[in-house]
Protein chains: 2
Amino acid sequence: MASVDRHRQIIDAVRRAGQLSVAELAERTGTSEMTVRRDLELLAEQGLLERYRGGARSVLLRGEEPPFALRATDGVEVKERIAAAVAEMIADGEAVVIDAGTTCLAVARALARRRLTVMPLSLHATNALVGAPQLRLLMPGGEPRPGELALTGPLTEASLAALRFDTAIIGCCGLTAANGLTAYDLADAAIKRAAIASAHRVIAVAEAAKLSRTALALVAPAAALHAVVTTDDAPDAEVDALKALGVAVRRV
Amino acid sequence: MASVDRHRQIIDAVRRAGQLSVAELAERTGTSEMTVRRDLELLAEQGLLERYRGGARSVLLRGEEPPFALRATDGVEVKERIAAAVAEMIADGEAVVIDAGTTCLAVARALARRRLTVMPLSLHATNALVGAPQLRLLMPGGEPRPGELALTGPLTEASLAALRFDTAIIGCCGLTAANGLTAYDLADAAIKRAAIASAHRVIAVAEAAKLSRTALALVAPAAALHAVVTTDDAPDAEVDALKALGVAVRRV
DNA sequence: CATAGCAAACATATTTTCTGTTCGAATCTC
DNA sequence: GAGATTCGAACAGAAAATATGTTTGCTATG
């Protein structure tokens with residue numbers, strides 16, 4: 001369908017302008033207002049923008065984490081590259097816990113056809129792994145956060161505390177040598193911490209942009225990580241600082 | 001699509017005959033052999049029948065439980081009627097644990113728009129409940145059984161043991177006053193037992209046919225149930241026997 | 001190694017989805 | 001509360017996706 005391009009165009013235009021009228025969007029996309037309205041309804045449902053009478057505004061610019069659906073379509077190729085690199089670092093037969101988030105979801109997809117024991121920490125990853133024939137899928141308990149579907153809460157912590165994994169794949173919102181691995185959501189941060197505590201080896205995944213960002217909740221100091229997989233446009237200074245802490249950094 | 005009718009026709013024909021050749025099926029459905037082959041591939045993937053060179057055979061007649069995909073399309077209307085009756089018995093605000101299986105999946109769907117706390121014991125039910133705005137969804141841990149996606153194992157038992165529910169909705173493979181509530185799968189039976197143990201009230205759901213059937217694993221004696229919801233064609237003798245044990249029986 | 005069965009490739013048919021228009025109802029502005 | 005704008009349901013036509021059947025060359029099985 002070609003409508004997906006128009007959706008992207010609308011999201012980008014709204015994001016750039018902050019807010020736009022239906023009429024303006026109809027003109028820019030070269031479609032009718034009715035089509036734009038239908039698109040906006042759809043996009044608003046996914047939390048990609050906010051609808052108001054006459055137009056729509058961006059949900060960003062609020063300091064919050066952008067919604068899952070938005071991040072899921074952003075930088076797909078980059079995430080797949082990182083995921084492939086992580087998959088190379090995992091040996092057959094390992095027990096792996098995979099964090100929530102879009103980058104970790106890419107990792108889950110990359111591991112789906114492998115012979116592994118996997119515990120995903122989000123229902124998105126679960127759905128990606130269900131039905132994989134060689135894979136032993138282990139679900140943690142917990143409450144799925146809307147949209148994100150990240151499992152959190154005492155049930156999740158208890159599930160993690162009862163197990164010992166070979167490797168934890170951890171996503172993040174920010175990661176610097178100075179401020180450590182950070183997340184927006186406090187409940188998520190607690191789970192990441194528990195996952196790190198129950199794994200022998202910790203691999204963090206972080207696109208370059210995250211290496212110059214710090215979020216609210218501290219998960220762990222950077223030295224707690226064994227490896228970081230990032231992109232080749234990661235800032236040298238930060239990469240060197242991480243290496244100085246004994247973290248293996250892989251740029252792909 | 002009209003192909004779904006043909007699929008059903010193929011499944012029924014194969015089930016009745018035990019096995020059938022591609023040529024025979026092509027003639028019966030009035031389509032080409034190529035179409036039949038494509039259908040068989042699809043159906044075999046879902047575990048609805050078994051493919052062999054030249055034809056397909058039924059997966060039933062093995063004493064095992066028929067595959068989930070097969071039961072899911074069987075007696076849909078009956079299951080929805082039972083589910084609606086169960087939904088009436090649940091008050092807003094309750095905490096409910098919902099067992100795996102197709103009948104319980106119907107119950108989950110019927111409860112999706114209610115204001116409740118729900119813990120589903122299968123990923124099918126999870127998917128039906130995710131995104132429900134008023135519902136507080138609680139996931140148990142565990143290993144999803146292929147196809148069924150029923151969560152089982154020590155993680156599931158631990159999740160249940162940590163909680164107390166107002167009501168448990170339990171499905172079954174067989175239920176009689178004499179032999180109690182029984183299941184095909186041993187791991188499932190253990191989970192059902194744990195769910196019953198952590199709920200104040202236990203409602204069993206069972207289409208009429210199950211009231212004259214007994215499966216391998218005993219879950220609980222019939223007296224452990226508070227209510228049974230069944231269909232109006234349930235055998236009177238069995239219904240009376242259940243009532244004599246103090247079980248409230250509702251026929252819909 | 002012969003033969004029935006199979007799957008890829010393609011053209012066609014069918015269904016589904018998408019889009020734009022119209023029109024009455026709902027909502028905002030002054 | 002009047003006037004204007006926006007909205008959404010309904011429908012018809014357009015576009016896209018899917019399903020089907022035929023051909024052709026390959027594969028497995030006895």
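So you know, we letter chains A, B, ... as the sequences are listed, proteins then strands, and number each from 1. The structure presented is a predicted model; accordingly, all values stated were derived computationally and were not measured.
- When the nearest nucleotides of DNA chain D are assigned to Y52(A) and D39(B) by heavy-atom distance, the more 5′-ward of the two goes with Y52(A).
- Here the nucleotide nearest the side chain of M34(A), chosen from dA7(C), dG8(D), dA9(C), is dG8(D).
- In this structure, R53(A) does not reach the dA26(C) phosphate: none of its side-chain N or O atoms is under 4.0 Å from OP1 or OP2.
- For T35(A), a side-chain nitrogen or oxygen approaches OP1 or OP2 of dG20(C) to under 4.0 Å.
- Of all heavy-atom pairs between A195(A) and L121(A), the closest is CB-CD1, 4.1 Å.
- Rounded to a whole Å, the CG atom of L42(B) is 10 Å from the P atom of dT20(D).
- Using a 4.0 Å cut-off between charged nitrogen and carboxylate oxygen, R114(B) and E94(B) do not count as a salt-bridge pair.
- Close to dC7(D), at under 4.0 Å from its OP1 or OP2, lies a side-chain N or O of R51(A).
- Taking atom CD of residue E27(B) and atom C1' of nucleotide dG21(D), one finds them 17 Å apart after rounding to whole Å.
- Here the P atom of nucleotide dG5(C) and the CD atom of E24(B) are 13 Å apart, to the nearest Å.
- In terms of phosphate contacts, R6(B) brings a side-chain nitrogen or oxygen within less than 4.0 Å of OP1 or OP2 of dT20(D).
- The base of dG20(C) sits with one of its N or O atoms less than 3.5 Å from a complementary donor or acceptor on the side chain of R38(A).
- Between E33(A) atom CD and dG20(C) atom C1' there is a gap of 12 Å when expressed in whole angstrom units.
- Taking atom CG on L25(B) and atom P on dG21(D), their separation rounds to 14 Å, with Å as the unit.
- Rounded to whole angstrom, the span from the NE2 atom of H7(B) across to the C1' atom of dA19(D) amounts to 10 Å.
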